[in-house]
Trainee: 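Structure below; questions to follow.
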Amino acid sequence: MALNWSEEKIAAFRKALLDWYDQEKRDLPWRRDHDPYHILLSETMLQQTQVATVIPYYNHFLQRFPTVAALAQAPEDQVMKAWEGLGYYSRARHLQQAAKQVVQDYGGEFPHTAAELRQLSGIGPYTAGAIASIAFNQPEPAIDGNAFRVFARLFKIDADIAKPQTRQVFDQLIRQLIDPQRPGDFNQAIMDLGSSYMRAKDPDPAHSPLAAFDQSYLSDTVLDYPVKSKKKKPVVVPYFALVIHSPQGYLLVQRPRTGMLADLWMFPLIDRSELEAALEVDQLIEAAAQFAALSGVALKFADAGAKPVRHTFTHQQWQLTLVEAESAAFDLAVLPAKWVKAADFEKLALPTVQKKLVAALKAGGAL
DNA sequence: TATCCGTGGTG
DNA sequence: TCACCAAGGAT
């Protein structure tokens, strides 16, 4: 998309945006300096996550892993523990992998170009542009949801921002507008604008510093932009959650390294949709015994009919029916599993859904 | 390219 | 209850 603005108009646009930013920019922990490690950490945490949620995680994580070298050397389970509750857990694993790449491939000094940053694990076009512009003053766009919304409104762009190929339309446009003297501030100003006057819900475009440049505002069509196709509803997946207790504690298993809640610890789950008609208690016992390699160990089930715990993810809604069992301790050597005392749960990285299950058990008097 | 991957806030 | 959103990336 070619921009037919004069040089004077482009200069006025940049000045209006940056003057406003200089006056009104938010005071955020990762804006204290331009350390690329700080920028990488904050940008990774901020992916699909709100600022208010990230701030305490960011401060704690930096306290725990102060440098890129410290993160590269850290045990992975400690990194996961620091990420616990933040969601999208593969971000944590990729972040540590990127730290290792910086140490091993670049001697501990981040590369300066977006193209090189893009090669690091977990860094996509947005994060590469953010680090390159904020930490290294490179004139690279950082196109996040805010930038999509702000520029879609400014220029009444009809392309669907849910489609990957739409990014290039915005990229081309922003490269013509970004301030070559202050690219990092330009990108961050757009984000601040997108989270304030140009927010998604109930925007206040009249008071935006870019109101005079905003084609959607000038035509009273702000709420028509950005154009974004809708997501599908999450599918319902029913599980039995096995609460197996022995003298050594509760049985927890580590989730597979890929997929949902990767690497985190939970009660064993049995996918009821794969069990077909095996919904009777005796069949359930058989399935549980099979799963946990419990042959010969007697189980006593209780409260199998209790109300399920619900937890909704982006693409799935889990309905978890708690099934409690008392067991002798048995050898777990071959499983990614261990017996854990309830008081020691907090030492492991647990997903929120597991914490919900624990809370339900405590409310029911068990555990 | 379409789908997968969490969580908490909001109206 | 529900739909949508919030500083996206990997596959």
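Given the structure is predicted, the values throughout are model-derived calculations rather than measurements.
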Trainee: State the OH-CZ distance between Y239(A) and R272(A), to the nearest 0.5 angstrom.
Mentor: 12.5 Å
Trainee: Give one of base, sugar-phosphate or nothing for A130(A), where a contact means two heavy atoms less than 4.0 Å apart.
Mentor: nothing
Trainee: Can you establish whether the number of heavy atoms outside D220(A) located under 6.0 Å from its atom CG is more than 12?
Mentor: no
Trainee: Indicate whether the side chain of R31(A) and that of Q188(A) have a donor and an acceptor atom separated by less than 3.5 Å.
Mentor: yes
Trainee: Reckon L28(A) touches a base, only the sugar-phosphate, or nothing at all at heavy-atom distances under 4.0 Å?
Mentor: base
Trainee: Evaluate the side-chain proximity of L264(A) to L350(A): yes if any heavy-atom separation is below 4.5 Å, no if none is.
Mentor: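 Answer no - side chains too far apart.
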Trainee: Heavy atoms from C-beta onward define the side chain here; which of dA3(C), dA7(C), dG8(C) lies closest to that of W30(A)?
Mentor: dA7(C)
Trainee: Could you give the CE-to-P distance, from M45(A) to dA7(C), as a whole number of Å?
Mentor: 17 Å
Trainee: Identify the 5'-most and 3'-most nucleotides of DNA chain B with at least one atom closer than 4.0 Å to a non-hydrogen atom of chain A.
Mentor: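 The footprint of chain A covers dT1(B) to dT10(B).
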Trainee: Please identify each residue that fulfils ring-ring contact (aromatic ring centres under 6.0 Å, His included) with Y37(A), with sequence neighbours left out.
Mentor: none
Trainee: Nearest-Å distance, CG (D144(A)) to P (dC5(C))?
Mentor: 14 Å
Trainee: What is the distance from CZ of R26(A) to C1' of dA6(C), rounded to the nearest Å?
Mentor: 11 Å
Trainee: Determine whether Q317(A) and T312(A) satisfy the following criterion, side chain to side chain donor-acceptor pair (under 3.5 Å), listing intermediate values before the conclusion.
Mentor: CA-CA 4 Å; Q317(A) 181 186 83; T312(A) 303; 3.3 Å; yes
Trainee: Starting at the 5' end of DNA chain C and moving along, which residue's nearest nucleotide shows up first, K230(A) or G124(A)?
Mentor: K230(A)
